Every structure is written in structure tokens, then in C-alpha cells.
There are 2 protein chains.
Amino acid sequence: MTNPRPTTQLIASNVHQLAATKLAAVGQRYTANRRAVVEALLILPGPATIAELLNAGQGLAQSSTYRNLVVLEEVGVVHRIVTSDDHGRFELTEAITGQHHHHLICEQCGIIIDVTLDATVEAALERSLAQGAANHRFRGLHHRVDLLGVCRGCDGRAGPPVRQ
Amino acid sequence: MTNPRPTTQLIASNVHQLAATKLAAVGQRYTANRRAVVEALLILPGPATIAELLNAGQGLAQSSTYRNLVVLEEVGVVHRIVTSDDHGRFELTEAITGQHHHHLICEQCGIIIDVTLDATVEAALERSLAQGAANHRFRGLHHRVDLLGVCRGCDGRAGPPVRQ
DNA sequence: TTTACTGCAAAGGGTTTGCAACATG
DNA sequence: CATGTTGCAAACCCTTTGCAGTAAA
């Protein structure tokens, strides 16, 4: 298991172009606001909260940002992650970044760190999940692997009791 | 990957006794309401929403149920699952049921189906995650593997666009 | 000039909390 | 009787929506 390449090293122009294409395919525009959201997601390290996006992007309205995230999610540019720390987090999709990865989620502070598994484990997992899905006539689309625990920053210090 | 034994086949008295013990360890009582919640979780097939618990248990107050779930979660009897379908779901912990399992989550209706992976896949996954956690000085506590997709009931019929 | 997009303010809705009454050890 | 528990109602807070105005094709 290794760290995925930081998104900041992705070729931003490609990401923007892909995003624009995906939006255009359903008759939507790649506006300055939407570009700012994607830009913020490229820069921020790991999945970002709305608050972080509003800080990073300059002068974005909250409601527009939520709305744009919905649109970006619908066209497969952005992915929403829900944990139990009371606010959603957003990241660029694997279709955009080309990087299949998983998450270390801190149960104290909610921070999410991206990691990758090695290919053989991924493959075995895929097979096993596919079989289980078949048993239930469940049409599996994608899997999610998270490691819940305590991040380096929170470990040791007394954190607030966080659920999950 | 096989189906886990339905929780209804668990020996309920053991579960209740364990729950009572865990509560007693922190000076809390295993009241009728709390027992009713655990009972409902034993009976209901898979992780249950608050609404389902309120229906199953007879005359439970919403606020008390939320509070009891918090307490039961703190002592390790109950586990909260958050997906993006707008309400949390609750299940008995593996410490109580002794059944490590994972989830098939329907992105249309939010239903969650329990499944297990075979042991070799689990072991490989554990190792891989442990290594990744070490790289980030992240103290991993437990993992979560979900398969997102469309359940048998929702497949085919036009569902509402559900996020994630 | 039609349709998509924006931003303010208000509404929604699951979850949490204040508080007085109750139950339990 | 001291402490944990309950339930009603109100508050919370993240998220969504109504609506009038703006921008882009």
C-alpha cells in the first residue's frame, strides 16, 4: 500500500478540460464558480468540507457551491463522502483523477487521508465482493474501503468523544 | 463470500447479557427502553433507521432513542452507519454479535445488506491497510468495506437520483 | 431571448439538548 | 435521596430551495 500521487501533481488543465467536457455533455457550463470549486479540490489535500471550499475559493456563495457540487457530482466530476462528523466532504472522482484510492478516516477530527492498496489485494477484494453481490442479485457499482482510527495529530491528545 | 448468519438466529439472551455488562461497566443501566432498542436491532434484518426502531419498539420516544443509541454506541453495543441518504442507520457491533461483516448499500433506497468476505481476502486486506496506516502514523482501529450499487428491489425501476 | 447560473434569505429536516418529572439502586 | 433516565418541545446546524436578477449561448 502506497500513497497516491497528490492531486496537486495532477495536470490541472486535463482535469478542467475533462470537467468541461462532462458538463457540456448534458448542456451545462463550466462556469468560473465551478472551475473554482474544482481548482480548490485540486489544491486541498484530501477530501474537503464545504467550509474549506468556501475559504479556498474566493467569495463563493454557499448555496451556489452546494448546487454546483450537486451538478458536478451528477456528471461524475465530484464525489461526496459522508462520515459521521456532521459535514459532507468532497473529492474529485477517480474518473477525473484516474487514481483509485481509499481512505484513512480519523474518528476524532474527521480528517480523511487518501491511500491506495496494492493491486493484488484490490483484485481479490473485487472478486469477493462481486460474488457476494451476485448472491443477493445486487448490482454492485463501486466499492469503498475505509480504515477508521485516529490520525497522527489527534493521537495522544484527549479528543472529544466522536461517534462511529 | 457468504451471507452472515441472520442476527435473529443469535442467542438473544447472550446479547442482552453482554449489553447489560458493558453498560454496567460505566455505571449505566440496561433499562427497558435500551433493551427494546437492542431487541429491535436483533429482529430487524440489517442496519435500521431511527424510524424503523421507533416502529419496531413499542412507544419509544424519539429523543430517548437517540440518547440511548449514543450511550449504546459509547459502550460498544451499537454501531452507527452513515450513508448519504439523509438518515443514520444502526446495527449491533461485532463485539456483540461476533460476526465481522460488510455491507451492500443500495444507492437508490439506502437499504443495507450484510455480507461477509472470505477469510483470506480479509487477512490480505487487513495487512495492506495496516501498512498504509503505518505510513501515515495513523492508528487504525477497524476497517469498513462497502459495495455501493443497486439492490434487487430497485434495479430496473426508475429511482430518484440519489447522491453519492 | 431563451436557458443556465448566481446569491440572498428563508425553509427543511434529521439530530441534539433544556428541563422538569420519573425511576432505580 | 442521589443519580441515572425519560419525554416533550425547542433549538441546532448542515443542507436545500424560492425567487428575482445576471450572464452566457
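In this text the structure is predicted, and so the values were computed from the model without any measurement. All values below were derived from every heavy atom in this structure, side-chain atoms included, with hydrogens, water molecules and symmetry-related copies excluded. Convention: sequence-line order gives letters A, B, ...; per-chain numbering from 1.
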Measure NE2/A:His87 against C1'/C:dT15 and give the value in whole Å, please. 15 Å
Does one side chain, of B:His143 or B:Glu122, offer a donor that lies under 3.5 Å from an acceptor on the other? yes
Tell me whether the OP1 or OP2 atom of C:dA23 has a side-chain N or O from B:Asn33 closer than 4.0 Å. no
Which whole-number value in Å describes the distance from A:Asp85 CG to C:dT15 C1'? 14 Å
Looking at C:dA4, D:dC8, D:dT3, which one has an atom nearest to any side-chain atom of B:Ala61? D:dC8
Can a donor-acceptor pair be found between the side chains of B:Glu52 and B:His87 at a distance below 3.5 Å? no
Atom CG of A:Asp86 and atom P of C:dG13: how far apart are they, to the nearest Å? 19 Å
Gap between atoms CZ and C1', on B:Arg29 and C:dG25 respectively (whole Å): 6 Å
Taking only side-chain N and O atoms of B:Gln62, does any of them lie within less than 4.0 angstrom of OP1 or OP2 on C:dT15? no
OP1, OP2 of C:dA4 versus side-chain N and O of A:Thr31: anything below 4.0 Å? no
To the nearest angstrom, the CG-P distance between A:Leu69 and C:dT6 comes to 11 Å
Between the base of D:dG4 and the side chain of B:Arg67, is there any donor-acceptor pair under 3.5 Å? no
A:Ser64 or B:Val70: which one's nearest nucleotide on DNA chain C is closer to the 5' end? A:Ser64
Roughly how many Å is it from CG in A:Asn68 to C1' in D:dT15, rounded to a whole number? 15 Å
Between B:Asn33 and B:Thr31, does any side-chain donor sit less than 3.5 Å from a side-chain acceptor? no
Of all the heavy-atom pairs spanning B:Leu53 and B:Ala40, show the shortest one and how long it is. CD2-CB, 3.7 Å
Measuring to OP1 and OP2 of D:dC8, would you say a side-chain N or O of B:Ser63 lies under 4.0 angstrom away? no
Closer than 4.0 Å, any side-chain N/O of B:Arg34 to the OP1 or OP2 of D:dT5? yes
In whole angstrom, give the distance that lies between atom CD of B:Gln28 and atom C1' of D:dT6. 14 Å
Does a side-chain N or O from B:Tyr66 land closer than 4.0 Å to OP1 or OP2 of C:dT15, or not? yes
Using whole Å, what does the distance between atom C1' of nucleotide D:dT5 and atom CD of B:Glu74 come to? 14 Å
Non-hydrogen side-chain atoms of A:Val78 and A:Glu91 separated by less than 4.5 Å: no
